[in-house]
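Worksheet for the structure shown next.
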Amino acid sequence: LGVRMERILVSACLLGQRVRYDGGGFDPLQQLLEWQAQGRLVVVCPEVDGGLPTPRPPAGIPGGQGADVLAGRLPVHTDQGEDVTAPFVRGAEQALALVRRHGIRYALLKARSPSCGNVETYDGSFSGVRVSGEGVAAAALRQAGVRVFNEEQLADLAALLQS
Ligand code: SF4
């Protein structure tokens with residue numbers, strides 16, 4: 001594991017916390033439970049940390065690019081048309097604060113979320129259309145030099161940490 005034990009920022013919903021917009025969470029993967037037992041995980045839910053309630057309406061970015069939200073060029077809105085840009089940006093800032101506090105270089109975040117997605121997101125039309133893009137927090141973390149993986153890339157992250 002190298003000289004120091006790398007800590008990993010992880011999406012709360014991937015650890016089973018019921019923080020998703022629909023009030024759900026996911027059964028944690030075995031590797032995550034092991035890292036948790038080793039005290040390596042720092043848990044984040046950018047949407048809840050940013051002040052949004054659970055459950056909450058689904059939200060999306062028109063065009064799906066979190067970096068454009070951070071740059072003030074695009075909003076995040078709910079399927080009911082409410083602007084939730086401010087809590088999304090606050091949540092991304094809180095994720096950054098955690099990373100700085102703990103010296104974190106790696107994150108494992110939920111795929112395709114408008115906050116946490118690292119490779120793909122939805123296009124903001126709420127019709128299930130996926131685009132190549134990032135969520136708001138994932139974009140902020142990448143810009144800060146954090147390597148962001150999603151749960152489908154867990155084996156890649158595990159291999160990297162063992163090398
Ligand atoms: Fe929270 Fe990210 Fe999971 Fe959404 S995907 S519930 S923002 S941790």
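Atoms within a ligand are numbered from 1 in the order they appear, just like the ligands themselves.
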Between Glu82 and Arg56, does any side-chain N to carboxylate O distance fall below 4.0 Å? no
Going by the order shown, which atoms of ligand 1 are within less than 4.0 Å of some heavy atom of Arg20? 6 (S)
Salt-bridge test for Lys110 and Glu151: reply yes if a basic N is under 4.0 Å from a carboxylate O, no otherwise. yes
Check: Val10 and Val42 side chains under 4.5 Å, non-hydrogen atoms: no
For ligand 1, which atoms, with element, lie under 4.0 Å from some heavy atom of Glu47? 4 (Fe), 7 (S)
Please examine the side chains of Val44 and Asp49, heavy atoms only from C-beta on, and report whether any two atoms are closer than 4.5 Å. yes
At a 4.0 Å threshold, what atoms of ligand 1 neighbour a non-hydrogen atom of Val19? 6 (S)
With a 4.5 Å cut-off on side-chain heavy atoms, are Leu98 and Ile104 touching? no
Do any heavy atoms of Val48 fall under 4.0 Å from ligand 1? no
Atom 3 (Fe) of ligand 1 and Cys13: any N/O/S contact shorter than 2.8 Å? yes
Please work out whether any backbone atom (N, CA, C, O) or any side-chain heavy atom from C-beta onward of Lys110 is under 4.0 Å from ligand 1, and answer side chain, backbone, both or neither. side chain
Supply the atom-to-atom distance Arg147 CZ to Gln153 CD, rounded to the nearest 0.5 angstrom. 10.0 Å
For the pair Phe149 and Tyr106, name the ring-plane relationship: parallel under 30°, tilted 30 to 60°, perpendicular over 60°. tilted
Quick note on ligand 1: atoms under 4.0 Å from a heavy atom of Cys116 include exactly 2 (Fe), 5 (S), 7 (S), 8 (S)
Backbone, side chain, both or neither: what part of Arg56 comes under 4.0 angstrom of ligand 1, heavy atoms only? side chain
Could you tell me whether ligand 1 has any atom less than 4.0 Å away from a heavy atom of Arg18? no
Do His77 and Phe126 have their ring centres less than 6.0 Å from each other? yes
Which atoms of ligand 1 sit under 4.0 Å from any heavy atom of Ala12? 8 (S)
I need the atoms of ligand 1 closer than 4.0 Å to a non-hydrogen atom of Val44, numbered in the order shown. 8 (S)
Which ligand 1 atoms are under 4.0 Å away from a heavy-atom of Cys45? 1 (Fe), 6 (S), 7 (S), 8 (S)
Is there a side-chain contact between Val131 and Glu120, using heavy atoms and a 4.5 Å cut-off? no
If we number the atoms of ligand 1 from 1 as shown, the ones under 4.0 Å from a heavy atom of Ser113 are 4 (Fe), 5 (S)
